[in-house]
J.: 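After the structure tokens below, expect a handful of questions from me.
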Amino acid sequence: EFIGSGATASKVLANAAASLKPVALELGGKSAVIVFDDADLMLAAKKGLTGAVSSNGQGCVNGTRLIVQRGVYEQYLGILSAMAGHVKSGDPFDPATVLGPVITGGALDRIQGMVARGIADGGRVVAGGERLGGEFADGYFLPVTVVADVSNASELAQKEVFGPVLAVIPFDTEDEAIALANATEYGLGAYVHTQNLRRAHHVAG
């Protein structure tokens, strides 16, 4: 089984074809989470946080591109960043641990590079962002990192980070939210937070 990018998957398939080896592919996506202003923000933030903590953010279907209506944008960011600050990092074999390390030092460098470029593109870090030191200094630990004001055209919004990083994007109208969610090469999943059933059906359709 290969987990990673579409470009590398093409090479894996080409090499496997020569000897007819079976291949399973789990490729990167950039799944959208749309949060409307009538949503239960505590629940929406908790669910949004799972995109970063599920498998330490190393999952192809994780919802890591959060598209939030402007009327509740700052409030949502406040709740999300507060929740992120309480996520327990540690030994993945410890049942109390919520967030373990990423897979390698190279992966950590790549993730931090993407965050740095996201900041250079106009994003602002509202939680995390720096490698954990102290008792975690010998591991590849990055806390849940929330980057706000991300451009949907930026690398951070378009490419799967495969780490505990959430990109947050504001929107104004329902149609804009749909356009932003659909404006990605790969989106393996999508999630909508609203208490308006008509809106939910329209967005999902």
J.: Between L99 and P164, is there a side-chain heavy-atom distance shorter than 4.5 Å?
T.: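 Of all side-chain heavy-atom pairs linking L99 with P164, at least one is under 4.5 Å.
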J.: Answer yes or no: is there a side-chain heavy-atom contact under 4.5 Å between V168 and V150?
T.: no
J.: Look up atom CG in L166 and atom CG in L80, then write down how far apart they are to the nearest 0.5 Å.
T.: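 CG of L80 is found 6.0 Å from CG of L166.
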J.: Which residues pass the salt bridge (Lys or Arg N to Asp or Glu O under 4.0 Å) test with E130, not counting sequence neighbours?
T.: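 Once residues adjacent in sequence are excluded, E130 has no partner under the salt bridge (Lys or Arg N to Asp or Glu O under 4.0 Å) criterion.
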J.: So, D38 and T194: side-chain donor and acceptor under 3.5 Å apart, yes or no?
T.: yes
J.: Could you tell me whether the side chain of I169 reaches within less than 4.5 Å of the side chain of R65, counting heavy atoms only?
T.: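 They are in side-chain contact.
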J.: I need the minimum non-hydrogen distance between H193 and V33, along with the two atoms involved.
T.: CD2-CG1, 3.7 Å
J.: State, yes or no, whether a side-chain contact exists between V23 and L13 at a heavy-atom distance under 4.5 Å.
T.: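 Side-chain contact under 4.5 Å: yes.
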J.: Is a salt bridge present between R124 and E74, judged by a nitrogen-to-oxygen distance below 4.0 Å?
T.: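 Yes, this pair counts.
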J.: Between atom CD of E160 and atom CE of M114, what is the distance when rounded to the nearest 0.5 Å?
T.: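 Going from the CD atom of E160 to the CE atom of M114 covers 8.0 Å.
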J.: Can you see which heavy atom on S154 is nearest to which on D121, and at what distance?
T.: CB-OD2, 3.8 Å
J.: How about L43: does its CG atom have over 12 heavy atoms from other parts shown lying under 6.0 Å from it?
T.: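 Correct, the count exceeds 12.
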J.: Check R199 against E174 and note the closest heavy-atom contact, atom names and distance.
T.: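 Smallest heavy-atom distance, with atoms named: NE-OE1, 3.3 Å.
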J.: Where the side chain of K30 meets the backbone of K159, is there a donor-acceptor pair that is under 3.5 Å apart?
T.: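 Looks like yes, one N/O pair under 3.5 Å.
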J.: Restricting to non-hydrogen atoms, name the atom on G48 and the atom on Y76 that form the minimum distance, rounded to 0.1 Å.
T.: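 Shortest heavy-atom separation between G48 and Y76 comes out as CA-OH, 4.0 Å.
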J.: Could you see if M83 belongs to whatever hydrophobic cluster contains V72? Use Ile, Leu, Val, Met, Phe, Trp, Tyr and a side-chain cutoff under 4.5 Å.
T.: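 Yes, because M83 and V72 connect within a single hydrophobic cluster, where side-chain heavy atoms sit under 4.5 Å apart.
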J.: Would you check if V53 and V144 make a side-chain contact, meaning some heavy-atom pair closer than 4.5 Å?
T.: yes
J.: Other residues, nucleotides and ligands only: do more than 12 of their heavy atoms fall within 6.0 Å of OH on Y140?
T.: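 It does not: Y140 OH has 12 such atoms or fewer within range.
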J.: Is it true that atom CG of D138 has more than 12 heavy atoms of other residues, nucleotides or ligands lying nearer than 6.0 Å?
T.: no
J.: Is L156 close to I119 at the side-chain level, that is, under 4.5 Å between some pair of heavy atoms?
T.: no
J.: Search all heavy atoms of A157 against all heavy atoms of S151 and return the closest pair with its distance.
T.: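 Smallest interatomic distance, heavy atoms only, reads CB-O, 3.4 Å.
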J.: Using 0.5 Å steps for rounding, measure from the NZ atom of K47 to the CG atom of D40.
T.: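 Separation between the atoms: 11.0 Å.
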J.: Report the distance from atom CG of L142 to atom CG of N56, rounding to the nearest 0.5 Å.
T.: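 Between L142 CG and N56 CG, I get 10.0 Å after rounding to 0.5 Å.
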J.: Roughly how far apart are F171 CZ and I178 CD1, rounded to 0.5 Å?
T.: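 Those atoms lie 9.5 Å apart.
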J.: Is a side-chain donor or acceptor of Q158 paired with a backbone partner of A183 at a separation under 3.5 angstrom?
T.: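 Checked: pair present.
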J.: F141 ring centre to R131 NZ or CZ under 6.0 Å, with the angle to the axis within 45°?
T.: no
J.: Enter the distance from Q112:CD to T145:OG1 here, rounded to the nearest 0.5 Å.
T.: 8.0 Å
J.: Tell me whether Q69 contacts the main-chain N or O of P170 through its side chain, where contact means a donor paired with an acceptor under 3.5 Å.
T.: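 Judged by distance alone, no pair lies under 3.5 Å.
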J.: T173: what forms a side chain to side chain donor-acceptor pair (under 3.5 Å) with it, not counting sequence neighbours?
T.: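 Not a single residue meets the side chain to side chain donor-acceptor pair (under 3.5 Å) criterion with T173.
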J.: Are any of the side-chain nitrogens in R70 or E176 under 4.0 Å away from the carboxylate oxygens of its partner?
T.: no
J.: Using side-chain heavy atoms (C-beta onward) and a distance below 4.5 Å, is S89 in contact with T97?
T.: no
J.: Considering all heavy atoms of both residues, which atom of A84 and which atom of V146 are nearest to each other, and what is their separation?
T.: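 Looking at all heavy atoms of both residues, the closest pair is CB-CG2, 4.4 Å.
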J.: Less than 4.5 Å apart, side chain to side chain, heavy atoms only: is that true for Y191 and I34?
T.: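 A side-chain contact is absent here, since even the closest heavy-atom pair is not under 4.5 Å.
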